[in-house]
Amino acid sequence: MGRAFVYVILGGGVAAGYAALEFTKKGVSPGELCIISEETTFSAFKSAVMPASELGIIVLKVHNEFDSYGSREYVPPYERPALTKGYLLPEAPARLPSFHTCVGANEERLTPKWYKEHGIELVLGTRVKSVDVRRKTLLTAVGETISYNILIIATGARALKLEEFGVSGSDAENVCYLRDLADANRVVDVIQSYAGGNAVVIGGGYIGMECAASLVTNRINVTMVFPEAHCMARLFTPKIASYYEGYYNSKGVQFVKGTVLSSFDIDHNGKVTAVNLRDGSRLPADMVVVGIGIRPNTSLFEGQLTLEKGGIKVNGRMQTSNNSVYAVGDVAAFPVKLFGETRRLEHVDSARKTAKHAVGAIMEPEKTDEFDYLPFFYSRVFTFSWQFYGDNAGEVVHFGDYSGKTIGAYWISKGQLVGSFLEGGTKEDYEALAKTTRLKPAIDDITELETQGLGFALTV
Ligand code: FAD
Ligand code: NDP
């Protein structure tokens, strides 16, 4: 027994939301599309204050595992980037339904009502535990078999756990990860419990930097610990990193670099009280936030689909090694034409655009070309806002005023400009940077490029 759909999206995150919107634009009929997602969060029952439909979540009254009353909230797709930014603000924090997809791209906001009106079946709070791509079926954790003609895999990724690096203690009540709404609610609870306290942030990547900024805004004292010589080591040059670290320092953030966590001190209540580092030092802690990278959720497809770069390999139409199965978002390894190689990106813009492209390839194959994507990453912390386009390979040319508000860099590889970074630009500056990077102009004189700085992109 089970249900059958023409199209099934497995996963209910960013890519799923953008795919759903695109399906409706391309004329999907009611009853043809289903989204299956396991995301839930448990919280104090709120519908006495506001009806669940207005909160933009689907609420079911339940007992939780600790036998207290509350609500299990089944969450339709939302803009995940909000969780490290607006969601953690001490005043007027962002809450659903304000950031359901697809508001991040200035498109329609898809509330539960929207899915209902479009005849899109939301199977929420439901984990898919196996998939048979030969039979075109999925089996859910509650034992339902759902069949499809076309499957879009949008399972995203999971946060890496400290245990995978040989450290135990992730389940302590004041240790937080941040991947989904349930995690974000925990971070908010822990922040409120330890106002004015000490936080140790493990990891100097995106989660680490964005959470540290939000914690400081909440008047928490922050120490960041990471193994590299500077923050955001996968993207930033030492000079760019030093610019941001200087500001974080001025806000009271301490950096402990070149070492990793070795163990936690945990009290008799199961709370972490201090973090011990491999360099022998010990940091007192009221709370810990861990952001040490992710792993794409590919396990359902291992042995069934071709994998590459840790993700599911797709062609320029987002189609996997099985013709009826597409993959999008964090889990997809797709050909980046501009650089002639397959890449897996972990950013929201590529999730949105790969999703849209897959739906085009499914619904209007003759009108859909090979995906041609310019990698784009961004972040916003404190009053900073930066954007990056392309590839951070080769020689770097910095420009701008590194003691001021606008800084930038170009990356030059094999005589061509392949990557660009800008903090504090205008909309026009960023558009010029994106356009220039996509053109990959030949650079004969690096000194001249340095002198021209942003002006180079503005005149190309
Ligand atoms: P996700 O959004 O992770 O969605 C995956 C979905 O699949 C989830 O709903 C999950 O529950 C579901 N799922 C997985 N396995 C199963 C299963 N077996 N059964 C049922 N459901 C399943 N990127 C930026 O470019 N800029 C930012 O500022 C930014 N901020 C971020 C902040 C945070 C806190 C996080 C975690 C990420 C941020 N990112 C940002 C990255 C961006 O959010 C991701 O690249 C994007 O969410 C990927 O979309 P996705 O749909 O592929 O995966
Ligand atoms: P990142 O890969 O950005 O950063 C992980 C950091 O943790 C790196 O500094 C890494 O060092 C370090 N690290 C790895 N292992 C350890 C360890 N054992 N102890 C201490 N540090 C360690 O991942 P995040 O967790 O920060 O982010 C998760 C995902 O969320 C990513 O996909 C990211 O793209 C996404 N995200 C994106 C945002 C954006 O685009 N603005 C914002 C927030 C999240 P090393 O490099 O040496 O491994």
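Both counts, for ligands and for their atoms, begin at 1 and track the order of listing.
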Note: heavy atom closest to atom 40 (O) of ligand 2, options Met224, Arg234, His347, belongs to His347
Restricting to heavy atoms, the pick from Glu79, Glu38, Arg80, Lys129 nearest atom 43 (O) of ligand 1 would be Arg80
Logged contact type for Met232 with ligand 2, heavy-atom cut-off 4.0 Å, is neither
If you compare Asp330, Leu160, Ile294 by their heavy atoms, the one closest to atom 28 (C) of ligand 2 turns out to be Ile294
Pairs of nitrogen or oxygen atoms closer than 3.5 Å, one from Val14 and one from ligand 1: do any exist?
yes
So the atoms of ligand 2 within less than 4.0 Å of a heavy atom of Ile202 turn out to be 19 (N), 20 (C)
Out of Gly291, Gly205, Ala157, the nearest non-hydrogen contact to atom 7 (O) of ligand 2 is supplied by Gly291
Out of Phe165, Phe376, Tyr206, the nearest non-hydrogen contact to atom 3 (O) of ligand 2 is supplied by Tyr206
Q. Is ligand 1 less than 4.0 angstrom away from at least one heavy atom of Lys85?
A. yes
Is there at least one pair of N or O atoms, one from Leu10 and one from ligand 1, spaced under 3.5 Å apart? no
Heavy atom of Pro227 under 4.0 Å from ligand 2?
yes
Exercise. Looking at ligand 1, does any of its N/O atoms fall within less than 3.5 Å of an N/O of Val348?
Worked result: yes
Among Pro296, Gly156, Pro81, Gly11, closest by heavy atom to atom 53 (O) of ligand 1 is Gly156
* Could an N or O of ligand 2 be found under 3.5 Å from any N or O of Leu261, whether backbone or side chain? -> no
- Message: So, regarding Ala16 and ligand 1 (criterion: nitrogen or oxygen to nitrogen or oxygen, under 3.5 Å), is there a contact or not?
- Response: no
Open item on the list: For Asp279 and Ser281, which I'm curious about, is there any donor-acceptor pair between the side chains at under 3.5 Å?
Closed with: yes
Near Val260 (heavy-atom distance under 4.0 Å), the atoms of ligand 2 are 17 (C), 19 (N), 20 (C)
